[in-house]
Amino acid sequence: MPEDNIVTMDQLRIGLYVVLDLSWFQHPFAFSQFKIKSEDQIRDIRNLGLKTVRYNPALSDMPAGQQPAAVAPVTASSTAPEPGAEVAGTGAAAAPVPESNPEIQPALAAKRALVERIRTQREAAARVETAFVNAARAIRDIERNLYSNPRETVQQATHLVTQISDSILCAPDLAIHVMGDRTGDEELYFHSLNVAMLSMMIARDIGVPQEVFGALGMGALLHDIGRKEVPDKILLKAEPLTQAERNLYQMHCRFGVEIGRRLQLSAPVLDIIQDHHEMFDGTGYPAGLKGDAIGIMSRIVAVANYYDELCNPVDVASALTPHDALSTMFAKLRSKFDPRMLQAFIRCLGVYPPGTIVQLSNGPIAMVATVNTAKPMKPVIVIYDENIPKEESILVDLAREQDLNIAKAIRPAQVPVEIYNYLSPRKRVSYYFDAGKSGQETVAR
């Protein structure tokens, strides 16, 4: 922004897009740059003790001919506040205006409330991440012990599925989190967990009877069990498979059913293991089933499985962002999926699924961190701010910001590396849900 786009305090007016050259902890607003929408905001800016502020003409909506007159460029020292005391626990300078100033009290109280919500959100995210890692470890133990202790292992899997399904069904609103980059060493088992969780999310949305959730969850969790019989050189091959390799890989569905029968899994679970690669248009395998010939639970798992494979392929370089994966499935591959299941999936994750990097309507870059399935277009987002450490990053609940929306999704390649590393260094996109209290209320208030 040019240095001469500066206004004095008496030139502030509604519609002006201002940029505060202050630490986030030194002012009472949710953002350091925003469009002025009320006289109260003008009063609060004036009470910050600044002589001038910068503004962005391109983002302002002033009437023609009433653009504020630019003043001469000023030095950094004339725009900066007087040094203040530190805010306890933040290491950042406090707001330059004394908190005893009655004019600034309402705004400071709102900022303190925002800081408290961020703290609560961060605690919820840590709790969900712990639950996710514990579930992934349980799946690891299930797969490792499947042959040596089959009966006990099936009981363990049943217990895990029951826990997840009960939590999903009990939450009034389902809050879906994207996992961070410190989720342990269980990446091998994230796919099974993702598919199980996303499948049950779809089932909840379309109103699948509660008694079906157990079989759905078990089938989704064990859908790839037959891959144990496929050589690693095929499973881990980043280059395209040869036809012979592809034929062998596709046999994992049959292998899975054979293993499932030895484990005495129920018929509905075996159907999911066998048919999770069948496509609604008949282009899937192993039998090329089409439409309603594919069981409803297999149609659900097919959507979740395909999505997660787009986001988390063997070759990480070919991974799609969550937004691009969902867009590809809807725009280019729609015929492959049961329309009802695909629509439910999009409805739950929103146009901007967790993990998507976005630009907000007021300019900043952010990442979608948590989606409430009841309000998928108003997620909780992590804001990029170079002046705030990543571990203390700002979390904003768009459901509380009526005038703020997501303007567009941004491909990682289009984001400067420092912003991408701040927001989303994770190698894989994995999801889990908040089972703490009542969905979004738990993570965003």
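The side chain to side chain contact (heavy atoms under 4.5 Å, CB included) search around Gln41 returns Phe29, Phe34, Ile36, Lys37, Ser38, not counting sequence neighbours. Applying the side chain to side chain contact (heavy atoms under 4.5 Å, CB included) test to Asp281 and every residue at least two apart in sequence or in another chain returns Met279, Thr283, Ser335, Lys336. In terms of the ring pair (Phe, Tyr, Trp, His ring centres under 6.0 Å) criterion, Tyr147 has no residue partners (sequence neighbours excluded). Under the side-chain hydrogen bond (donor to acceptor under 3.5 Å, both in side chains) criterion, Lys237 pairs with Glu245, sequence neighbours left out. Taking the salt bridge (charged side-chain N to carboxylate O under 4.0 Å, His left out) definition, one finds that Asp232 meets it with nothing, sequence neighbours left out. Residues satisfying the ring pair (Phe, Tyr, Trp, His ring centres under 6.0 Å) criterion with Tyr431, sequence neighbours excluded, are absent altogether. When the side-chain hydrogen bond (donor to acceptor under 3.5 Å, both in side chains) test is applied to Asp338, the partners found at least two apart in sequence or on another chain are Arg299. Legend: residues meeting ring pair (Phe, Tyr, Trp, His ring centres under 6.0 Å) with Phe280, ordered by chain and number and at least two apart, are absent. Under the rule for a side-chain hydrogen bond (donor to acceptor under 3.5 Å, both in side chains), Arg340 has no partner lying at least two apart in sequence or in another chain. With sequence neighbours left out, the ring pair (Phe, Tyr, Trp, His ring centres under 6.0 Å) criterion links Phe213 to no other residue.
Cation-pi check for Arg334 over Phe330 is met; the charged atom lies under 6.0 angstrom from the ring centroid and within 45 degrees of its normal.
Asn47 contributes a side-chain N or O that, together with a main-chain N or O of Arg43, makes up a donor-acceptor pair within less than 3.5 Å. A distance-only check finds a donor-acceptor pair linking the side chain of His223 to the backbone of Ala220 [under 3.5 Å]. When atom types are taken as modelled, the side chain of Asn194 and the backbone of Val429 share a donor-acceptor pair closer than 3.5 angstrom. One N or O on the side chain of Ser165 and one on the backbone of Val161 form a donor-acceptor pair closer than 3.5 Å. Listed for the Ser60 side chain is a donor-acceptor partner under 3.5 Å among the backbone atoms of Asn56. Distance alone, capped at 3.5 Å, places no donor-acceptor pair between the Thr370 side chain and the Ala175 backbone. The backbone N or O of Gly363 lies less than 3.5 Å from a partner atom in the side chain of Gln359, making a donor-acceptor pair. In terms of modelled atom types and a separation under 3.5 Å, the side chain of Thr120 and the main chain of Glu116 share a donor-acceptor contact.
No hydrogens or angles considered: a donor-acceptor pair under 3.5 Å links the side chains of Asn405 and Lys378. For the residue pair Tyr17 and Gln33, a side-chain donor N or O sits within less than 3.5 Å of a side-chain acceptor on the partner. Side-chain contact annotation: Asp308 with His191, donor-acceptor N/O pair under 3.5 Å present.
Ion pair Arg117/Asp397 not flagged as a salt bridge, since none of the NZ, NE, NH1 or NH2 atoms sits closer than 4.0 Å to an Asp/Glu carboxylate oxygen. Remark: Asp434 engages Arg127 in a salt bridge, criterion side-chain N to carboxylate O under 4.0 Å.
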**Message:** Apply ring pair (Phe, Tyr, Trp, His ring centres under 6.0 Å) to residues Phe345 and Phe337 and explain how you reach the verdict.
**Reply:** CA-CA 11 Å; Phe345 192 56; Phe337 310 104; 9.0 Å; no

**Message:** Between Leu20 and Phe31, is the side chain to side chain contact (heavy atoms under 4.5 Å, CB included) condition met? List the steps.
**Reply:** CA-CA 9 Å; Leu20 303 177; Phe31 294 91; over 6 Å; no

**Request:** Could you please spell out the steps behind the side chain to side chain contact (heavy atoms under 4.5 Å, CB included) verdict for Leu216 and Val301?
**Result:** CA-CA 8 Å; Leu216 173 65; Val301 175; 3.8 Å; yes

**Request:** Report the C-alpha separation of Ile118 and Val396 in whole Å, then their side-chain angles, then the decisive distance to 0.1 Å, and conclude whether the side chain to side chain contact (heavy atoms under 4.5 Å, CB included) test is met.
**Result:** CA-CA 8 Å; Ile118 290 174; Val396 174; over 6 Å; no

**Item:** Residue pair Ile394, Val382: steps toward the side chain to side chain contact (heavy atoms under 4.5 Å, CB included) verdict
**Value:** CA-CA 6 Å; Ile394 303 169; Val382 180; over 6 Å; no

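Within 6.0 Å of NZ on Lys228 lie more than 12 heavy atoms contributed by other residues, nucleotides or ligands. Heavy-atom neighbours of Phe255 CZ from other residues, nucleotides or ligands within 6.0 Å: above the threshold of 12. The 12-atom threshold is exceeded at CD of Glu418, counting heavy atoms of other residues, nucleotides or ligands nearer than 6.0 Å.
Counting only residues at least two apart or in different chains, side-chain hydrogen bond (donor to acceptor under 3.5 Å, both in side chains) contacts with residues 313-326 comprise Thr321-Asp324, Asp324-Arg411. The stretch residues 197-222 participates, sequence neighbours left out, in these side-chain hydrogen bond (donor to acceptor under 3.5 Å, both in side chains) pairs: Asp205-Arg347.
For Val371 against Cys348, the heavy-atom pair with the smallest separation is CG1-O, 3.4 Å. The two residues Val415 and Ile410 come nearest to each other via the heavy atoms CG2-CG2, 3.4 Å.
To the nearest 0.5 Å, the span separating CD on Gln163 from CD1 on Ile168 amounts to 12.0 Å. Going from atom CG of Leu222 over to atom CD1 of Ile259 covers 10.0 Å, rounded to the nearest 0.5 Å. In this structure, CE on Met297 lies 4.5 Å from CD1 on Ile272, to the nearest 0.5 angstrom. Atoms OG and NZ, on Ser361 and Lys408 in that order, are 12.5 Å from each other to the nearest 0.5 Å. For the atom pair OG of Ser393 and CG of Asp385, the computed distance is 9.5 Å after rounding to the nearest 0.5 Å. Within the model, atoms CD1 of Ile365 and OH of Tyr384 stand 10.0 Å from one another, a figure rounded to the nearest 0.5 Å.
Aromatic ring centres of His177 and Tyr432: separated by at least 6.0 Å. Between His277 and His252, the distance from one ring center to the other falls under 6.0 angstrom.
Using a 4.5 Å heavy-atom threshold, the side chains of Ser424 and Met367 count as touching. Between Tyr307 and Pro322, some side-chain heavy-atom pair lies under the 4.5 Å cut-off. Counting heavy atoms from C-beta outward, Thr153 and Pro150 have side chains that stay 4.5 Å or more apart. Inter-residue side-chain proximity for Ile176 and Thr373 is flagged as met; some heavy-atom pair is nearer than 4.5 Å. Side-chain contact between Val195 and Tyr306 is absent, with no heavy atoms from C-beta onward closer than 4.5 Å. Between Met341 and Ile296, the closest side-chain pair of non-hydrogen atoms falls below 4.5 Å.
The residue from Arg262, Arg254, Arg261 that alone fulfils the salt bridge (charged side-chain N to carboxylate O under 4.0 Å, His left out) condition with Glu258 is Arg254.
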